Amino acid sequence: MMNEAIKTLLIEDEDDIRFVVEMALGRHPEFDVTTFTNGLEALEALHGTTDVFDLALINVNLPAISGPEVASQLSDLHCCSGIPVIFVTAVIHDRDSAKLNGDNVTGVISKPFNALSLGDDIKALIDRGGSASAAAI
């Protein structure tokens with residue numbers, strides 16, 4: 001996956017965070033980012049797509065449908081089956097941490113994050129690969 005573009009889904013409802021992530025990953029030519037502003041929009045658009053993605057970055061607290069629910073439904077789609085998921089969140093409560101674990105959850109990036117190291121942080125999580133426990137960075 002590292003020799004060609006990492007086709008990345010970014011599902012983030014906050015305009016400023018989405019902008020920063022797009023800019024940060026834009027500094028790394030190996031990331032090809034497709035963005036959505038909410039989970040319902042993403043699921044609808046991806047339902048019949050022929051594109052295949054390598055990674056999903058998902059805000060935990062999305063409107064209408066939560067990030068963990070989106071991740072669960074993405075895993076049922078051909079375009080996203082088995083891809084690693086990295087959650088992006090400002091707050092993790094103990095009651096929520098169980099929702100952020102799963103076979104496809106590679107880690108958690110806490111807001112605020114360092115935009116200059118974001119691409120490298122994401123690649124490190126991918127390289128660590130498939131850990132079922134969320135790793136805060």
Side-chain angles (χ1 to χ4, degrees):
M1 176 168 42
M2 293 300 181
N3 294 335
E4 53 189 64
I6 302 169
K7 289 191 53 83
T8 305
L9 285 174
L10 170 61
I11 306 172
E12 172 62 64
D13 63 313
E14 295 180 44
D15 293 340
D16 55 342
I17 300 295
R18 194 172 54 252
F19 175 79
V20 169
V21 172
E22 287 179 303
M23 293 300 293
L25 296 184
R27 298 178 61 233
H28 296 268
E30 62 269 30
F31 286 99
D32 176 13
V33 181
T34 301
T35 62
F36 295 98
T37 60
N38 65 66
L40 294 177
E41 174 192 35
L43 292 169
E44 184 177 303
L46 297 170
H47 184 61
T49 188
T50 57
D51 289 337
V52 176
F53 291 89
D54 302 309
L55 171 67
L57 300 173
I58 305 173
N59 183 359
V60 171
N61 297 309
L62 293 169
I65 180 172
S66 73
E69 291 174 63
V70 172
S72 176
Q73 291 188 38
L74 281 177
S75 67
D76 294 335
L77 299 177
H78 170 73
C79 67
C80 304
S81 179
I83 67 171
V85 171
I86 297 174
F87 287 113
V88 182
T89 187
V91 179
I92 301 175
H93 299 288
D94 288 339
R95 70 180 188 279
D96 296 329
S97 63
K99 297 177 188 173
L100 303 184
N101 290 319
D103 292 338
N104 60 336
V105 177
T106 298
V108 175
I109 294 176
S110 298
K111 297 177 191 175
F113 49 82
N114 182 339
L116 295 176
S117 67
L118 183 62
D120 292 331
D121 294 339
I122 290 169
K123 288 189 286 184
L125 284 171
I126 294 170
D127 289 344
R128 249 192 306 209
S131 169
S133 62
I137 58 173

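All values below were derived from every heavy atom in this structure, side-chain atoms included, with hydrogens, water molecules and symmetry-related copies excluded. For clarity, every value in this text was computed on a predicted model and none was experimentally measured.
Taking 4.5 Å as the limit, every side-chain heavy atom of T35 sits out of range of all side-chain heavy atoms of V21. No side-chain heavy atom of T106 sits less than 4.5 Å from a side-chain heavy atom of L55. Inter-residue side-chain proximity for E12 and F19 is flagged as unmet; no heavy-atom pair is nearer than 4.5 Å. Inter-residue side-chain proximity for N59 and I11 is flagged as unmet; no heavy-atom pair is nearer than 4.5 Å. In this structure, the side chains of V60 and P68 come closer than 4.5 Å at one or more pairs of heavy atoms. The closest side-chain heavy-atom distance from F36 to L46 is below 4.5 Å. For the pair L25 and I122, the minimum side-chain heavy-atom distance is below 4.5 Å. Looking at L9 and L74, their side chains come closer than 4.5 Å, going by heavy atoms from C-beta outward.
For the residue pair D121 and N114, no side-chain donor N or O sits within less than 3.5 Å of a side-chain acceptor on the partner.
Taken to the nearest 0.5 Å, the NE2 atom of H28 stands 11.5 Å off from the OG1 atom of T8. In this structure, CD on E44 lies 13.0 Å from OG1 on T49, to the nearest 0.5 angstrom. The CG atom of L57 sits 10.5 Å away from atom CZ of F87, with the distance rounded to the nearest 0.5 Å. Interatomic distance, CE of M23 versus CG of L118, reported as 12.5 Å (0.5 Å rounding). Going from atom NZ of K123 over to atom CD of E30 covers 3.5 Å, rounded to the nearest 0.5 Å. Distance CG/D54 to SG/C79: 11.0 Å, rounded to 0.5 Å.
When all heavy atoms are compared, the tightest approach of A115 to A24 is O-CB, 3.3 Å. Summarising the geometry of A64 relative to L40, their closest heavy-atom pair is CB-CD1, 3.6 Å, with the distance given to 0.1 Å.
Ion pair K7/D32 flagged as a salt bridge, since at least one NZ, NE, NH1 or NH2 atom sits closer than 4.0 Å to an Asp/Glu carboxylate oxygen.
For the pair S81 (side chain) and H78 (backbone), a donor-acceptor distance under 3.5 Å is absent. Checked by atom type and distance alone, the side chain of S117 never pairs as donor or acceptor with a backbone atom of D120 at under 3.5 Å.
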Practice problem: Would you please test I65 and L43 for side chain to side chain contact (heavy atoms under 4.5 Å, CB included) and show each step? | Solution: CA-CA 10 Å; I65 180 172; L43 292 169; 4.0 Å; yes

